[in-house]
Visitor: 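Have a look at the structure that comes next, please.
From a predicted model like this one, the values you see are computed outputs, not experimental measurements. Proteins come first, then strands; the chains are lettered A, B, ... in the order of their sequence lines, and each starts at number 1.
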Number of protein chains: 2
Amino acid sequence: MIIKLFDSELKVMEVLWEYGDTTAKRIAEILKEQVGWSKTTTYTVIKKCIEKGAIERKDPNYICRPLITKEQVQEFETSELINKMYDGAADQLVASLLDSRKLSSQEIERLKKLINDLE
Amino acid sequence: MIIKLFDSELKVMEVLWEYGDTTAKRIAEILKEQVGWSKTTTYTVIKKCIEKGAIERKDPNYICRPLITKEQVQEFETSELINKMYDGAADQLVASLLDSRKLSSQEIERLKKLINDLE
DNA sequence: TATTAAGTTCTACCAGGATAGAATAAGTTA
DNA sequence: TAACTTATTCTATCCTGGTAGAACTTAATA
């Protein structure tokens with residue numbers, strides 16, 4: 001399933017991913033605290049997420065449950081970046097990362113292991 | 001230098017990166033052809049790029065010259081993604097790429113080489 | 001120099017995402 | 001059931017990026 005989430009929607013999803021299934025009320029409290037959102041804002045955005053199929057809310061307790069994982073969104077956003085900035089070539093992105101020294105030596109070690117252990 | 005380029009600005013920059021230094025007129029022609037932009041739109045966006053320091057235009061021929069490279073923008077956009085979606089950890093992004101099978105086996109081979117040859 | 005054409009800027013409109021106040025619905029308790 | 005609280009939606013505003021028409025300026029040419 002491919003859904004483009006806006007930044008505001010992402011904020012709501014992140015609460016769910018971090019805190020697990022919970023009520024709209026609770027999400028509102030958390031976002032009030034974290035980013036100062038009014039209760040209404042949170043409810044509006046939750047509604048959008050439900051309409052988009054990113055959240056479902058079933059009786060009896062009206063618990064909000066994410067229908068997409070953080071990994072799915074990561075993948076989607078990453079694909080967008082690759083298409084927009086790297087001509088669709090994922091390896092160019094990695095090459096650029098290695099190149100730009102954005103990775104610490106520990107990270108590089110970890111990746112080296114990852115990639116060599118592949119398949 | 002850190003500049004956030006909007007999508008429209010990126011279009012102009014991409015023309016410069018691809019075609020090399022050239023006149024506003026030429027850029028307008030290309031973007032007219034490529035994406036249907038009116039001449040005015042192109043000029044407006046070029047102006048924004050100049051104000052932002054992404055393009056310079058010097059006498060006598062009013063040639064537009066990019067002041068930032070595609071690589072810089074790639075790096076910037078990639079950083080944004082990493083911060084937004086991967087808690088600032090670049091290696092998580094790479095791990096996710098390996099995981100999601102976005103990379104062909106050729107690409108993986110190439111990366112394996114790249115990473116093992118590092119340092 | 002007058003006329004025309006090309007280059008550039010000024011200004012404005014439009015769409016969409018972010019945000020929230022007021023209104024309404026639903027649930028609770030006396 | 002009335003009074004009150006809490007949950008939810010309706011509607012609207014604001015802001016910003018994308019886009020371009022009209023006006024203006026500069027250059028070319030008759």
Side-chain angles (χ1 to χ4, degrees), chain A residues 2-16 19 21-65 68 73 76-77 80-81 83-85, chain B residues 2-16 19 21-65 68 73 76-77 80-81 83-85:
Chain A
I2 311 126
I3 314 172
K4 168 74 184 165
L5 291 179
F6 301 131
D7 286 358
S8 58
E9 295 163 349
L10 203 53
K11 282 217 192 75
V12 168
M13 297 307 292
E14 267 162 356
V15 171
L16 284 177
Y19 293 82
D21 303 4
T22 187
T23 60
K25 176 186 161 72
R26 181 89 202 293
I27 300 173
E29 284 166 359
I30 292 168
L31 286 173
K32 172 78 159 192
E33 151 81 20
Q34 274 184 14
V35 288
W37 275 9
S38 88
K39 182 182 57 176
T40 310
T41 300
T42 301
Y43 276 103
T44 305
V45 177
I46 289 176
K47 195 142 181 280
K48 295 265 183 63
C49 289
I50 293 172
E51 284 162 11
K52 278 189 174 180
I55 291 180
E56 88 173 356
R57 187 159 46 160
K58 289 242 191 78
D59 296 15
N61 296 317
Y62 289 98
I63 297 289
C64 292
R65 194 166 70 81
I68 54 178
V73 179
F76 180 74
E77 297 277 324
E80 278 198 331
L81 176 74
N83 288 328
K84 182 175 161 197
M85 292 305 309
Chain B
I2 310 127
I3 315 172
K4 167 73 185 167
L5 292 178
F6 300 132
D7 286 359
S8 57
E9 294 163 349
L10 203 53
K11 283 217 191 73
V12 168
M13 297 308 292
E14 266 161 356
V15 171
L16 284 177
Y19 295 81
D21 303 3
T22 187
T23 60
K25 178 185 160 75
R26 181 89 201 294
I27 299 174
E29 283 165 3
I30 293 169
L31 286 173
K32 172 78 161 192
E33 150 81 21
Q34 276 184 12
V35 289
W37 275 9
S38 87
K39 181 183 57 175
T40 308
T41 300
T42 301
Y43 276 105
T44 305
V45 177
I46 290 177
K47 197 143 179 280
K48 296 264 183 65
C49 290
I50 293 172
E51 284 162 9
K52 278 190 175 181
I55 291 179
E56 87 172 356
R57 187 159 46 160
K58 290 243 189 78
D59 297 14
N61 296 317
Y62 290 97
I63 298 289
C64 293
R65 194 167 69 82
I68 54 178
V73 180
F76 181 75
E77 297 277 324
E80 277 199 332
L81 176 74
N83 288 329
K84 183 175 160 195
M85 293 304 309

Visitor: Going by heavy atoms closer than 4.0 Å, what residues in residues 42-52 of chain A are next to DNA chain D?
Guide: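 The stretch gives Tyr43(A), Thr44(A), Lys47(A) as the residues lying under 4.0 Å from the strand, ordered by number.
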
Visitor: Mind listing the closest non-hydrogen atom pair of Ser8(A) and Val45(A) along with its distance?
Guide: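 The answer is O-CG1, 3.6 Å.
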
Visitor: Under a 4.5 Å cut-off applied to non-hydrogen side-chain atoms, are Thr22(A) and Cys64(A) in contact?
Guide: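 No - every pair of side-chain heavy atoms lies 4.5 Å or more apart.
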
Visitor: Check Leu5(A) against Ala54(A) and note the closest heavy-atom contact, atom names and distance.
Guide: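 Leu5(A) and Ala54(A) have their closest heavy atoms at CD2-CB, 4.1 Å.
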
Visitor: Less than 4.5 Å apart, side chain to side chain, heavy atoms only: is that true for Glu80(A) and Leu81(B)?
Guide: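 No; the side chains remain at least 4.5 Å from each other.
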
Visitor: Walking along DNA chain D from 5' to 3', note the first and the last nucleotide with an atom under 4.0 Å from a heavy atom of chain B, and give both.
Guide: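 Range of nucleotides within reach of chain B: dG17(D) to dA22(D).
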
Visitor: Would you kindly compare Gly36(A) and Thr40(B) by the position of their nearest DNA chain C nucleotide and give the one closer to the 5′ end?
Guide: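 Its nearest nucleotide being more 5', the pick is Thr40(B).
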
Visitor: What bend angle does the helix from dT1(C)-dA30(D) to dA30(C)-dT1(D) show across its length, from five-pair end axes and to the nearest 10 degrees?
Guide: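 Here the helix ends are tilted 10° relative to one another.
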
Visitor: Return all side-chain donor-acceptor pairs below 3.5 angstrom for residues 24-39 of chain B, not counting sequence neighbours, or 'none' if the list is empty.
Guide:
unit_1, atom_1, unit_2, atom_2, d
Ser38(B), OG, Thr40(B), N, 3.3
Ser38(B), OG, Thr41(B), N, 3.2
Ser38(B), OG, Thr41(B), OG1, 3.2

Visitor: Which residues pass the side chain to side chain contact (heavy atoms under 4.5 Å, CB included) test with Asp21(B), sequence neighbours left out?
Guide: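 For Asp21(B), the residues satisfying side chain to side chain contact (heavy atoms under 4.5 Å, CB included) (neighbours in sequence not counted) are Ile63(B), Arg65(B), Pro66(B).
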
Visitor: Would you mind reporting whether Val73(B) and Met85(A) have side-chain heavy atoms less than 4.5 Å apart?
Guide: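 Yes - at least one pair of side-chain heavy atoms lies under 4.5 Å apart.
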
Visitor: For Ile55(B) and Ile68(B), run side-chain contact (heavy atoms from CB on, under 4.5 Å): C-alpha distance rounded to whole Å, both residues' side-chain angles, the deciding distance at 0.1 Å, then the answer.
Guide: CA-CA 8 Å; Ile55(B) 291 179; Ile68(B) 54 178; over 6 Å; no

Visitor: Kindly indicate whether the side chain of Thr23(A), heavy atoms from C-beta on, has any atom under 4.5 Å from the side chain of Tyr62(A).
Guide: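 A side-chain contact under 4.5 Å is absent here.
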
Visitor: What side-chain donor-acceptor pairs closer than 3.5 Å can you find for residues 46-53 of chain B, not counting sequence neighbours?
Guide:
unit_1, atom_1, unit_2, atom_2, d
Lys52(B), NZ, Lys4(B), O, 2.7
Lys52(B), NZ, Glu9(B), OE1, 2.7
Lys52(B), NZ, Glu9(B), OE2, 3.3

Visitor: Can you tell me how far NZ of Lys11(A) sits from OG1 of Thr42(A), rounded to the nearest 0.5 angstrom?
Guide: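 Reported to 0.5 Å precision, the distance equals 10.0 Å.
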
Visitor: Mind checking if Lys39(A) touches a base, just sugar-phosphate, or nothing, with heavy atoms under 4.0 Å?
Guide: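 The answer is base, as Lys39(A) lies within the cut-off (heavy atoms under 4.0 Å) of a base atom.
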
Visitor: Need two values: the first and the last nucleotide of DNA chain C, 5' to 3', having an atom under 4.0 Å from any heavy-atom of chain B.
Guide: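 Listing 5' to 3', DNA chain C meets chain B from dG7(C) to dC10(C).
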
Visitor: Could you check whether Ser8(A) gets within reach of a base, just the sugar-phosphate, or nothing at all, counting any heavy atom under 4.0 Å?
Guide: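 Sugar-phosphate, no base atom in range.
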
